[in-house]
Protein chains: 4
Amino acid sequence: MTPSQLAATTPTKTRNRRFDPERRDRLIDTALNVIAAKGVAGATHREIAREADVPLGSMTYHFANMDELLYLAFSRFVETCAARFDVRMQQSQTPEQAQEAVVQGIVKDYLGTSEEMILAYELYAVAARKPLLREIMQQWMEASQHSLQRHFTADDARIIDAFIEGLIVHGSLAVEPMTEGEVRAAVHRLTDPLLLQRKQ
Amino acid sequence: MTPSQLAATTPTKTRNRRFDPERRDRLIDTALNVIAAKGVAGATHREIAREADVPLGSMTYHFANMDELLYLAFSRFVETCAARFDVRMQQSQTPEQAQEAVVQGIVKDYLGTSEEMILAYELYAVAARKPLLREIMQQWMEASQHSLQRHFTADDARIIDAFIEGLIVHGSLAVEPMTEGEVRAAVHRLTDPLLLQRKQ
Amino acid sequence: MTPSQLAATTPTKTRNRRFDPERRDRLIDTALNVIAAKGVAGATHREIAREADVPLGSMTYHFANMDELLYLAFSRFVETCAARFDVRMQQSQTPEQAQEAVVQGIVKDYLGTSEEMILAYELYAVAARKPLLREIMQQWMEASQHSLQRHFTADDARIIDAFIEGLIVHGSLAVEPMTEGEVRAAVHRLTDPLLLQRKQ
Amino acid sequence: MTPSQLAATTPTKTRNRRFDPERRDRLIDTALNVIAAKGVAGATHREIAREADVPLGSMTYHFANMDELLYLAFSRFVETCAARFDVRMQQSQTPEQAQEAVVQGIVKDYLGTSEEMILAYELYAVAARKPLLREIMQQWMEASQHSLQRHFTADDARIIDAFIEGLIVHGSLAVEPMTEGEVRAAVHRLTDPLLLQRKQ
DNA sequence: AATGAATGAGTATTCATTCAT
DNA sequence: TATGAATGAATACTCATTCAT
């Protein structure tokens with residue numbers, strides 16, 4: 001067998017890329033992608049390194065251990081989601097716009113892309129077991145309710161937030177996903193009476 | 001002292017336990033316990049076998065592979081939950097009793113024991129990735145809505161079911177878990193208007 | 001989950017077939033098929049039992065161990081091959097017919113079906129390591145040379161037999177398999193001079 | 001006695017042998033030895049690692065999977081055999097020397113050492129089933145015929161090569177191995193007529 | 001600062017064989 | 001007599017992490 005033939009069997013080395021200042025950052029994004037694709041269980045150092053085209057040793061150089069990386073990845077995910085929802089709330093002026101923003105938040109941000117939902121479920125599961133990640137989950141809820149409090153009372157915000165949660169879960173795992181119309185009807189049923197007595 | 005006598009003196013090694021007709025069934029229960037304790041990722045053949053005090057080879061004798069075991073375990077979990085909820089609904093006579101049964105279902109069956117919640121989250125996460133387990137999730141939803149339809153229209157049942165889902169998730173992962181009073185208030189806010197126009 | 005759904009996951013039991021007098025015989029044939037399909041290494045009790053639709057316990061009931069089964073299977077294979085070749089030689093009257101019978105034996109019996117060749121290679125490999133199976137190999141050679149001695153001297157028979165062997169191996173593993181014409185030319189080149197001085 | 005002194009007294013555990021730059025290469029050789037000793041089926045990661053005094057994890061670090069290792073091992077084997085035969089052919093000047101080189105190649109290189117034959121049989125068997133290894137087999141044949149074409153026409157080379165193959169198989173598996181004299185007689189019977197009309 | 005090599009613990013799964021029924 | 005249940009040893013392979021360079 002000639003050396004060139006041998007090379008076909010062994011993975012080709014495409015590297016020697018020493019300078020890569022944003023690698024750490026890029027690895028966190030890659031980690032999220034891998035979690036979405038294969039779950040937390042499938043998000044191994046090896047898999048993430050391969051996906052990011054980075055040497056394996058680089059993983060533990062940048063992150064003390066997997067838990068740290070998970071923490072960073074899910075933090076970023078939650079921040080992104082929370083910020084996006086806050087923009088929707090912030091841009092709403094009237095109560096009716098706020099209602100519709102909730103509907104759009106559910107339909108556009110979650111029901112559309114299964115990737116977001118998968119990440120959320122992975123976070124639920126892991127948060128139930130690891131306190132560090134549970135904190136992230138709680139920050140998300142607080143941020144979410146904070147956004148809702150731009151238009152609703154604290155108590156109502158909590159209820160609405162829970163409702164959003166439920167609609168998303170149901171909407172994504174049900175045999176036939178909820179339509180935008182169904183989501184809108186559900187949101188209205190809960191929030192219409194609230195609007196009458198809303199925060200002034 | 002004959003060898004057999006000697007064996008009697010030696011600390012019982014729990015072996016030679018050849019006949020064990022309900023082992024398969026017991027293993028499914030053990031699997032659920034292990035999933036609750038360590039997650040799907042931690043529910044390995046070894047761990048379940050150790051917990052059930054059964055030789056490792058016994059696992060793959062009884063279950064073709066891990067997915068089959070997961071399927072059986074989560075099926076049992078879902079059946080138990082669905083049956084319990086159906087009893088609550090069935091025992092309710094008036095709409096007001098049905099409302100309260102929903103509240104009790106949330107508070108007693110889920111918020112009380114974190115184990116049930118953890119199992120649910122694990123199921124969400126794994127259902128989002130494996131079609132076989134997604135089916136279970138969907139059967140659960142259908143069963144749940146079927147129970148609710150004893151007292152509510154199909155459309156309302158779907159909304160209420162989603163709301164229950166959200167209250168449970170929020171209730172269990174929030175910094176301070178929801179109290180029974182808060183849950184009751186939330187349920188009433190959604191279902192009170194429904195009762196007026198309810199199924200006759 | 002209903003029982004019927006569960007059955008889909010667990011292998012269906014198609015049995016309770018107690019009376020099966022030729023089972024042992026059938027198992028030997030099945031073993032040969034499995035060896036041809038998956039090699040000696042892939043011919044496990046489980047695989048053969050599955051292929052023959054027979055309970056696993058039946059394997060060790062009929063055969064003391066795998067070596068015995070291998071012995072019986074390869075014996076049958078060799079007997080079949082040897083008998084077939086002997087018929088070819090026996091039916092040849094003239095030296096020219098014997099020559100052509102050799103050609104046909106190579107082309108029709110081996111080069112055509114890769115299954116026979118695979119079984120032969122598996123036998124070579126295993127015979128080189130296990131004395132019991134080496135005996136079978138030697139019986140085959142003797143039978144083969146005995147058949148050839150109907151038309152050639154003992155010394156020539158041995159040479160011709162080796163040549164047949166080589167043509168078969170080359171013919172079956174080469175990039176482009178030998179054609180019937182090439183085989184005929186090769187056989188003639190070796191045996192034509194022999195015919196002149198042949199056994200009278 | 002300090003712990004470190006204690007360690008010095010304990011029998012060397014051959015560990016902490018971190019740096020071993022030619023390990024991969026050595027493992028390929030060890031693999032060949034194990035295949036020769038126990039067959040492809042017996043050439044397990046564990047066995048090869050033990051034989052090479054290397055930790056088990058080292059095997060899958062160096063080779064993506066067993067097939068890759070088999071490929072590399074048999075490639076090396078075939079290269080060695082082919083090179084050795086080519087030297088014999090290259091060193092022959094006259095046709096008569098070439099004839100004798102063929103004889104010596106058979107007798108010295110194969111009939112003498114059963115290890116080489118066993119490796120060849122294992123390769124046949126595995127080549128019949130795995131396309132990747134079949135390629136190796138074909139490269140071997142091509143190399144072999146290329147060497148023969150230093151002295152014979154392409155057509156004759158193919159026939160002679162097949163004949164060599166058969167003589168080796170027969171010679172090694174027969175009840176009483178062929179003698180050098182018998183091999184020489186056989187080779188002469190086939191090649192003498194060829195020499196008269198040989199390549200000029 | 002960065003990484004290729006290395007490793008021990010662990011993974012699901014397969015297996016020949018035993019044995020109580 | 002025949003077999004389903006059982007099991008300990010073994011298999012290929014993956015992994016997070018360590019560490020010498």
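Values reported hereafter were calculated over all heavy atoms of this structure, with side chains retained and with hydrogens, waters and symmetry mates removed. Each chain gets a letter, A, B and so on, in the order its sequence line appears, and its residues count up from 1. This structure is a prediction, so every number in the text was calculated from the model and none was measured.
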I'd like to check [X] versus [Y] (side-chain heavy atoms, cut-off strictly below 4.5 Å). Are they in contact?
| X | Y | result |
| --- | --- | --- |
| D/Leu69 | D/Ile48 | yes |
| D/Glu51 | D/Asn33 | no |
| D/Leu133 | D/Lys130 | yes |

>> Does anything in residues 68-79 of chain A form a side chain to side chain donor-acceptor pair (under 3.5 Å)? List the pairs, not counting sequence neighbours.
In response: A/Asp25-A/Arg76, A/Asp29-A/Arg76

For [X] and [N], what is the distance between atoms [atom1] and [atom2] respectively, to the nearest whole Å?
| X | N | atom1 | atom2 | result |
| --- | --- | --- | --- | --- |
| B/Glu68 | E/dA12 | CD | C1' | 14 Å |
| A/Leu69 | F/dC15 | CG | C1' | 15 Å |
| B/Tyr61 | E/dC19 | OH | C1' | 13 Å |
| B/Met59 | E/dC15 | CE | P | 19 Å |
| D/Phe63 | E/dA5 | CZ | P | 12 Å |

>> Minimum heavy-atom separation for D/Ala125 and C/Glu122, please, with both atom names.
In response: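 Reported closest heavy-atom pair: CB-OE2, 4.0 Å.
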
> Do you know which of B/Ile28, B/Ile136, B/Leu27 makes side chain to side chain contact (heavy atoms under 4.5 Å, CB included) with B/Leu72?
Replying inline: B/Ile28

Does a side-chain N or O of [X] approach OP1 or OP2 of [N] to a distance below 4.0 Å, or not?
| X | N | result |
| --- | --- | --- |
| D/Ser58 | E/dA6 | no |
| D/Arg24 | E/dG4 | no |
| A/His62 | E/dA2 | no |

>> As a test of your reading of the structure, name each stem of DNA chain F as range with range, where a stem is three or more consecutive Watson-Crick or G-U pairs at under 3.5 Å.
In response: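 The stems are E:2-21 with F:2-21.
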
Atom pairs under 3.5 Å, N or O on each side, protein against nucleotides 10-12 of chain F: can you list them with distances?
{"from": "F/dA12", "atom 1": "OP2", "to": "D/His45", "atom 2": "N", "distance (Å)": "3.1"}

>> According to ring pair (Phe, Tyr, Trp, His ring centres under 6.0 Å), who are the partners of B/Phe63, at least two apart in sequence or on a separate chain?
In response: none

> Who are the ring pair (Phe, Tyr, Trp, His ring centres under 6.0 Å) partners of D/Phe74, not counting sequence neighbours?
Replying inline: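 D/Phe74: no ring pair (Phe, Tyr, Trp, His ring centres under 6.0 Å) contacts found.
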
All N/O donor-acceptor pairs, side-chain side in residues 36-45 of chain B, below 3.5 Å, sequence neighbours left out:
{"from": "B/Lys38", "atom 1": "NZ", "to": "B/Glu47", "atom 2": "OE2", "distance (Å)": "3.3"}
{"from": "B/Thr44", "atom 1": "OG1", "to": "B/Glu47", "atom 2": "N", "distance (Å)": "3.1"}

